[in-house]
There are 2 protein chains.
Amino acid sequence: MVTIKDVAKATGVAPSTVSRVIANNPRISIMTKEKVRKAMKELGYHPNVSARNLAVKSTKAIGVVLPSSADKALQNPFFPEILRGIGSVTHDMEYSMTLSSGITEEEIFAEVQRMVYGSYVDGIILLYSRLNDRVMNFLHDKNFPYVIVGKPYEDIDEVTHIDNDNFTAGKEITNHLIETGHERIAFIGGSKELFVTMDREAGYQTAVKEAGLKNCEEYKIHTEFLKSGGREAVETLLSLKVRPTGLVISDDLMSLGVLSGLEEAGISVPHDISLVSFNNVYLSEIIRPSLTTVDIHIHELGAESAKALIEKTIDKSEPAKRITVPHEIVFRNSVSKRGAL
Amino acid sequence: MVTIKDVAKATGVAPSTVSRVIANNPRISIMTKEKVRKAMKELGYHPNVSARNLAVKSTKAIGVVLPSSADKALQNPFFPEILRGIGSVTHDMEYSMTLSSGITEEEIFAEVQRMVYGSYVDGIILLYSRLNDRVMNFLHDKNFPYVIVGKPYEDIDEVTHIDNDNFTAGKEITNHLIETGHERIAFIGGSKELFVTMDREAGYQTAVKEAGLKNCEEYKIHTEFLKSGGREAVETLLSLKVRPTGLVISDDLMSLGVLSGLEEAGISVPHDISLVSFNNVYLSEIIRPSLTTVDIHIHELGAESAKALIEKTIDKSEPAKRITVPHEIVFRNSVSKRGAL
DNA sequence: CTGTTAGCGCGTTCAG
DNA sequence: CTGAACGCGCTAACAG
């Protein structure tokens, strides 16, 4: 391994000078800089992070914590995409990114502790949000820089978070259904305990009310994220006396399940029933019918979170803020005028 | 920050003793160990990685390099799953995992250089394999520990790699189609330049030949991974005079596209045409019809690669080896007896 | 069984 | 503008 000393020796200067050249310290003569840089190239010098981190007490690394994968949610293409978003800015800023690998909550917590106490990273991005989450509380107590993607359950204006305006998104997409003539619209969402679900549902609710449509409790279904989730929801819905003609589904992946269930039941989308959802994951374009869905700009969600976090690691006093990334409806083929069932 | 010295002072021993306690050195008396451990707890001591890494010249971290996401392949649920596999062992062994974040080939290469030269990681897992890849060549030249998931294009028995037996898998799944009475079977795969495609196709080919079925060049289609890929393939296939009744598709995600194309064309699966594919990604269970597919044990692929790599980082002289993770066919509803079109 | 000493590679005073 | 010296926190001989 070629160190700063080797370069110094080769150039006939002191190690500290080389260090200054690396930092591009303006007080070093152009000439020596050139000379030193040349030597670095020739010797193949590369600074050692560990040494650097130790000296400056910072790592230029951020930790990304995925949800406990007990939630199979990880299967959602949402995650690779958000990682890419994060990666795009960590790359630009020459940061590195460390992924949590714990499965259980317990494991994740232990890991975050290591990251923080062991100075593995300068800050942490939480890719989930739960009520009374140990990890978040820990980070908060330690006053360790972190941001969360989504909406925190507590201290909402004390923690910077990056989120969509899910309420408005829910309202807008529901309105789309209403405008195309639907009057009986159901909502299918994931766990009621997730803010995403709650917000989108509230938007749906509001749209329904404002349009003067009847609010029907039976039209609100909460189910598992994956697998049979969609099918169950369909069964429930079909067992109703008055069936809905439009469906607002809180996640593209869920739509897939619903679509399958519907198909099994011999109901055609969008002919018999219309359907809209959220996220605009690549799937929504591939499947038949392609999905009318709200694009929540996942990549941007990731990028913005990384930016915000890095700012925070650089200036700890950076005030908490909320960053709302815009959404936009992508119109495709899962909706048709005034369906009837 | 509480350091080893603080603990030493509080316990009345030397820093080195504390260090030994951390390493659980057997030459330290039980009593001092207890005493020191107690102090560590009370003071909230946690070792600093950077310092440790600097001293021992190792990081207990591994880098994971994703394919240049120019290939939209990243959207494949394959990746989150393999990351989880890797994570499960890095977690157990208390390693951390750093993700590459570059987009272009160039960026990735630069990043890998940093990782290696800067001593960011002890080893690297390559999640792709290309002919004449700069990254791989670099790692090879530097004799830096790395493993690749998939099959390397060159020096195949000099680089340890973790792969499925894609040839056999291809053969077996094709045989399944043959056994259920199909005689005209087509293959739809991704880029011919990927070994996965080649191997699976070769297996298909062999099965077809061994069954004495006619080998038909028109039945082999190569297309883009995502999006329109599936649909294109369908068009080509349907334009044929004699249409196949069975399809072997090299990736579940692709199957989705094909399925959509087929549906658009009013062809029903598995009634009119049967279809099998590879990977057993969660999707294959959700969609209708659910897919008969070969489960390649993605999680294990990840876990094994991490294990192999860590071994290698510990003992550089560990010989290169090939690890084959078993596959297994999962029977579902995309195949029916002797289809005709 | 434990303390002392000397680095690991780099950044940063403080002199000059 | 540059060098010498010290310290970051930890480990690893070498003593004892």
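Scope of the values below: all heavy atoms of this structure, side chains included, with no hydrogens, waters or symmetry mates. Convention: sequence-line order gives letters A, B, ...; per-chain numbering from 1.
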So, OP1 or OP2 of [N]: does either fall under 4.0 Å of a side-chain N or O from [X]?
X       : N      : result
A:Thr32 : D:dT2  : yes
B:Arg20 : C:dC1  : no
B:Thr17 : C:dT2  : no
A:Lys57 : D:dG7  : no
A:Tyr45 : C:dC10 : yes
A:Thr3  : C:dG9  : no

Worksheet, complete the sentence: Closest to the 5' end of DNA chain C, once B:Leu54 and B:Pro15 are matched to their nearest nucleotides, is B:Pro15
Worksheet item: Taking C-beta and beyond as the side chain, do B:Met115 and B:Thr98 meet within less than 4.5 Å on heavy atoms?
Response: yes
Worksheet item: Heavy-atom distance under 4.5 Å between the side chains of A:Leu83 and A:Leu99, does that happen here?
Response: yes
Which part of the nucleic acid, if any, lies within reach of [X] when heavy atoms closer than 4.0 Å are counted: base, sugar-phosphate only, or nothing?
X       : answer
B:Ser29 : sugar-phosphate
A:Val18 : nothing
B:Gly12 : sugar-phosphate

Between [options], which one does the side chain of [X] approach most closely?
X       : options                : answer
A:Asn48 : D:dG3, C:dC10, D:dC10  : C:dC10
A:Ser16 : D:dT11, C:dC10, C:dT12 : C:dT12
A:Arg52 : D:dT11, C:dG11, C:dG3  : C:dG11

Rounded to whole angstrom units, what separation is found between the [atom1] atom of [X] and the [atom2] atom of [N]?
X       : N      : atom1 : atom2 : result
A:Lys5  : D:dA5  : NZ    : C1'   : 12 Å
B:Ile28 : D:dA12 : CD1   : P     : 13 Å
B:Lys9  : D:dC10 : NZ    : P     : 13 Å
B:Lys35 : C:dG3  : NZ    : P     : 8 Å
A:Arg27 : C:dA15 : CZ    : C1'   : 12 Å
B:Met1  : D:dC8  : CE    : P     : 12 Å
B:Asn53 : D:dA12 : CG    : P     : 12 Å
A:Met40 : C:dC10 : CE    : C1'   : 13 Å

Worksheet item: Is a side-chain donor or acceptor of A:Ser68 paired with a backbone partner of A:Ile103 at a separation under 3.5 angstrom?
Response: yes
Worksheet item: Do the side chain of B:Asp6 and the main chain of B:Thr3 share a donor and acceptor less than 3.5 angstrom apart?
Response: yes
Worksheet item: Any side-chain donor-acceptor pair under 3.5 Å between B:Asp133 and B:Tyr128?
Response: yes
Response to the item:
All heavy atoms of A:Ile4 vs all of A:Tyr45, minimum pair found to be N-CE1, 3.6 Å
